[in-house]
Amino acid sequence: MTLALNLYTQGIDPKLSFPAIREVVKTVEHCNSLPVHPRHPYAGALVHAAFSGSHQDAIRKGFAAHTRRNDSVWEMPYLPIDPADLGESYEAVIRVNSQSGKGGVAWVIEQDLGLKLPRALQIDLSRRVQILADRTSREMSAADITAAFREAYHVDDTTIFELVDDGGGLRRHAGSERIFTGRICHRGQDVSVSGRGNGLISALLAALNDAFAIALSVVDYSEHALRRGSDAQAAAYLECTLVDGSRVFGVGIDDDVATATVKAVLSAASSAASLS
């Protein structure tokens, strides 16, 4: 078996299949009454896992390059063998604990939710996950990280701010000025808002400042499609600063990119309101 697996590392297919290596490990452990070391070559439970932040970041970039190439050549940092060749999945390749970096956390969010987080947002989320890992003294599961992400950035959380009606979107005013009018539910109260700016984000931020005294300055904005095709959703990310210099992030997901952007603004506003 070892010889066959070594052939894999040299790009040679030995024409052997190991679809049930976990069952083999269980049988060996039962018969010998001894556990297989988690880092034992090929069969250990953690043999494909990376906890180091630098290793995780390299593997994440390796998978991205592999996807772009779209070929059958396996060239992956720190993973000489494709886990799929041994009947394993990629879910446990990157494991997150208090020593992991932003790359590991970003990998989990991308694999679970399809979101490609901007660098600053990766750093902020990684810090939050590390604090959680230190507090609980355990490895963070994908469910833990996803829950922390949703809670931190108020994804799908409408308890503080919720868009009720966008009033038909932006209206042109004089020159390049745009007007946003709509209704926003703030902590259970329906409020009509209106603001002016040179685009959707600035007009909505002006409306929030006028109605709720939340002053946000945009540092960065980005967006991307979650899927290809006519049914693709859009994800929008916003990085803002408050008057005191503190930084908040917003995340919005919707079938419509403009609505996703509005949700990202309200996500950032919810984070700002939580700090006050």
Side-chain angles (χ1 to χ4, degrees), residues 102 106 109 113 115-129 131 148-224 233-254 256-276:
K102 67 182 186 305
I109 294 300
L113 303 178
L115 301 177
K116 301 176 182 178
L117 305 183
R119 177 178 172 79
L121 185 53
Q122 291 179 27
I123 294 172
D124 187 74
L125 178 59
S126 176
R127 176 184 59 81
R128 295 173 185 272
V129 172
I131 292 173
F149 170 77
R150 291 185 178 278
E151 179 181 358
Y153 308 112
H154 304 272
V155 180
D156 298 326
D157 178 9
T158 58
T159 55
I160 300 179
F161 286 108
E162 179 184 13
L163 178 65
V164 178
D165 180 22
D166 65 1
L170 284 177
R171 292 185 291 110
R172 183 185 294 273
H173 190 50
S176 62
E177 189 177 59
R178 301 290 188 273
I179 298 177
F180 175 88
T181 56
R183 290 173 25 241
I184 292 175
C185 184
H186 176 53
R187 300 188 187 278
Q189 182 178 359
D190 196 326
V191 180
S192 295
V193 300
S194 178
R196 299 185 179 189
N198 58 8
L200 174 59
I201 295 176
S202 59
L204 179 54
L205 290 178
L208 292 174
N209 193 20
D210 288 344
F212 310 110
I214 294 181
L216 296 173
S217 298
V218 177
V219 175
D220 186 51
Y221 169 82
S222 61
E223 63 187 49
H224 67 81
Q233 283 190 306
Y237 310 98
L238 202 66
E239 179 183 353
C240 299
T241 55
L242 304 179
V243 175
D244 62 2
S246 57
R247 189 160 298 197
V248 295
F249 296 86
V251 180
I253 303 170
D254 196 82
D256 176 70
V257 65
T259 304
T261 300
V262 171
K263 288 182 176 180
V265 172
L266 296 182
S267 167
S270 295
S271 294
S274 299
L275 296 176
S276 60

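Across all non-hydrogen atoms, the minimal contact from A268 to V248 is O-CG2, 3.8 Å. The shortest non-hydrogen separation linking S271 to A152 is OG-O, 3.6 Å. Looking at every heavy atom in both residues, A211 comes nearest to V193 through CB-CG1, 3.7 Å. For A236 against A264, the heavy-atom pair with the smallest separation is O-CB, 3.7 Å. Minimum interatomic distance between S192 and R183 (heavy atoms only, all atoms of both residues): OG-CG, 3.7 Å. Across S246 and L275, no two heavy atoms sit closer than the pair OG-CD1, 4.3 Å.
In this structure, CG on L113 lies 5.0 Å from CZ on R150, to the nearest 0.5 angstrom. Separating the CD1 atom in I201 from the SG atom in C240 is a distance of 8.0 Å, to the nearest 0.5 Å. The distance from the OG atom of S274 to the CD atom of E151 is 9.5 Å, given to the nearest 0.5 Å. Taking CG of D190 as the start and CD of E162 as the end, the distance is 9.5 Å to the nearest 0.5 Å. The structure places CD of E177 at 9.0 Å from CG of N198, a figure rounded to the nearest 0.5 Å. Of the inter-residue distances, the one linking L115 atom CG with Q122 atom CD reads 11.5 Å to the nearest 0.5 angstrom.
Side-chain atoms of S267 never come within 3.5 Å of backbone atoms of K263 as a donor-acceptor pair (strictly under, hydrogens ignored). Side-chain N or O atoms of H186 include none that pairs as donor or acceptor with a backbone N or O of V191 at under 3.5 Å.
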*Starting from the C-alpha separation in whole Å, work towards a yes-or-no answer on side-chain contact (heavy atoms from CB on, under 4.5 Å) for T261 and L204.*
CA-CA 10 Å; T261 300; L204 179 54; over 6 Å; no
Run E239 and Y237 through side chain to side chain donor-acceptor pair (under 3.5 Å) and show every step you take.
CA-CA 7 Å; E239 179 183 353; Y237 310 98; over 6 Å; no
- Task: Could you check F161 against V265 for side-chain contact (heavy atoms from CB on, under 4.5 Å), going step by step and ending with a plain yes or no?
- Result: CA-CA 10 Å; F161 286 108; V265 172; over 6 Å; no
Decide side-chain contact (heavy atoms from CB on, under 4.5 Å) for L208 and I184; before the verdict, give the C-alpha distance in whole Å, the side-chain angles of both, and the deciding distance to 0.1 Å. CA-CA 9 Å; L208 292 174; I184 292 175; 3.8 Å; yes
| request: Output, in order, the C-alpha distance, side-chain angles, deciding distance and verdict of side-chain contact (heavy atoms from CB on, under 4.5 Å) for I160 and R187. | output: CA-CA 5 Å; I160 300 179; R187 300 188 187 278; 4.0 Å; yes
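The aromatic rings of F249 and Y153 sit perpendicular, their planes meeting at an angle over 60°, well past the 30° parallel limit.
Residues N209 and L205 form no side-chain contact, since every pair of their non-hydrogen atoms from C-beta on lies 4.5 Å or further apart. Between D210 and S194, every side-chain heavy-atom pair lies at or beyond the 4.5 Å cut-off. Using a 4.5 Å heavy-atom threshold, the side chains of T241 and L216 count as separate.
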